[in-house]
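The structure appears below as structure tokens.
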Amino acid sequence: MSKLSKDEIGKLAPATRIVANGRNPDESFGFVSTPPYRGSTVLYPDADACLSHRNRYTYGRRGNPTMEALTSLWSELEGAAGTVVCPSGASACAVALLSVLGAGDHLLVTDSVYRPTRDFCDRVLARYGVTTTYFDPQIGAGISALFQPNTKAVFTESPGSLTFEMQDIPAIAAAAKAHGAVTLMDNTWATPLCFRPLDHGVDISINAATKYPSGHSDLLAGLVAANADTFPRVLKTHGDFGIYLGPDDVFLLLRGLRTMPLRLKEQAASALAIAEWLEKRPDVVSVAHPALPSHPGHALFKRDFSGASSLFGLTVKQMTRAQTVAFLDNAKLFGMGYSWGGFESLIIPVDATEFRTAVPFAPGGSAFRLQIGLEDTTDLITSLEAAFAAAAAA
Ligand SMILES: *Cc1c(COP(=O)(O)O)cnc(C)c1O
């Protein structure tokens, strides 16, 4: 760190910046990583500093060196004015929305949004006088027609983490700007390594750091990065709610982040190989992976994204319940559970019929979601082959 200036580091590739930023050995007795700083009270050095509230850190909840190592790294990676850390991705979405909305406001949200975000809009925001309209994820510039005089924000997520529709983020953000509204994006799927929302007109970028940044399925965290116009509001709201993530989880998150570029590259390559293999099978109806030319959002993906991650959708010819059970139980390398972005592969059945409102969910068969981990690609394909065989025999 001491050998390169901040400006010099800023010109290097993301993988190098993730290694070089977010640590300060000069202030850690030479140790490479900033340790977990546990503490509530921070002592002033003398009465003069106390009377004038002059201290680098003032109180545990409002920042410590571990937290600052993470936020400085992440802000630089996002090209943001600042970042706040939340105890989960869901709370990051909630804080981001509450930062820019108040009673009487109207909000536009993509119909493909992460379900708990939808619940937050329908339950909490509604209770505080904010109305929400869900829009077709593929609406693009057509979103202009949905703005009301009181529309203050647009919430996007591309691709949707359950149904994988790509959104025209630059067009949506431009329309929002023209109407004086703020654009928020849940960028958990791509991470700033594959798409930097703020470079495309988005004001607030949210990441469920529980997923790829942590990478090991052993902690929950959320990051909200914002541009100079919106960050002061985000920081205030985060403070007003007293939100805090303990230093041990922040430390683990930073530790995970160091290897995110490597993990993502490996997992993305494996996921694409498996998606291509799946697409050729006669029992498969479709594979919802934006990096496949067959995906309806592939052109947007190629235009805007510099890479993919390892989560995608699979629709197979309609299975009976017994076949679904045989399929899931025999995909033996694929755990069944929520979340994703960790080192291990997962599979879950998908059904969005019940909650979609703008565009009905109609996959045309039995739908699943696959997260590809760091296992050997051939082993994973062999495991899926066994699952298809078991389903056919059931
Ligand atoms: C998981 C997830 C979240 C929420 O993150 P948690 O840490 O589980 O609260 C938000 N958005 C997306 C797209 C997610 O996949």
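Counting starts at 1 for both ligands and their atoms, in listed order. Note that the structure is predicted; figures quoted are calculated from it, not measured.
A centroid separation of less than 6.0 Å is found between the aromatic rings of F388 and F327.
Contact record, D186 with C93: OD2-SG, 3.8 Å, taken as the closest heavy-atom pair.
No option in N150, T131, T133 other than T133 meets the side-chain hydrogen bond (donor to acceptor under 3.5 Å, both in side chains) test with H106.
Ring geometry for F301 versus F305: interplanar angle of 30 to 60°, hence tilted. Below 30°, between 30° and 60°, or above 60°: for F195 and H200 the angle between ring planes is below 30°, a parallel geometry.
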Write none if no such pair exists; otherwise list each N/O atom of ligand 1 with its protein N/O partner under 3.5 Å and the distance.
from	atom 1	to	atom 2	distance (Å)
ligand 1	5 (O)	G89	N	3.4
ligand 1	7 (O)	G89	N	2.8
ligand 1	7 (O)	T210	OG1	2.5
ligand 1	9 (O)	G89	N	3.1
ligand 1	9 (O)	A90	N	2.8
ligand 1	11 (N)	D186	OD2	2.6
ligand 1	15 (O)	K211	NZ	2.6
ligand 1	15 (O)	W340	NE1	3.1

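With sequence neighbours excluded, the residues that form a side-chain contact (heavy atoms from CB on, under 4.5 Å) with R123 are D119.
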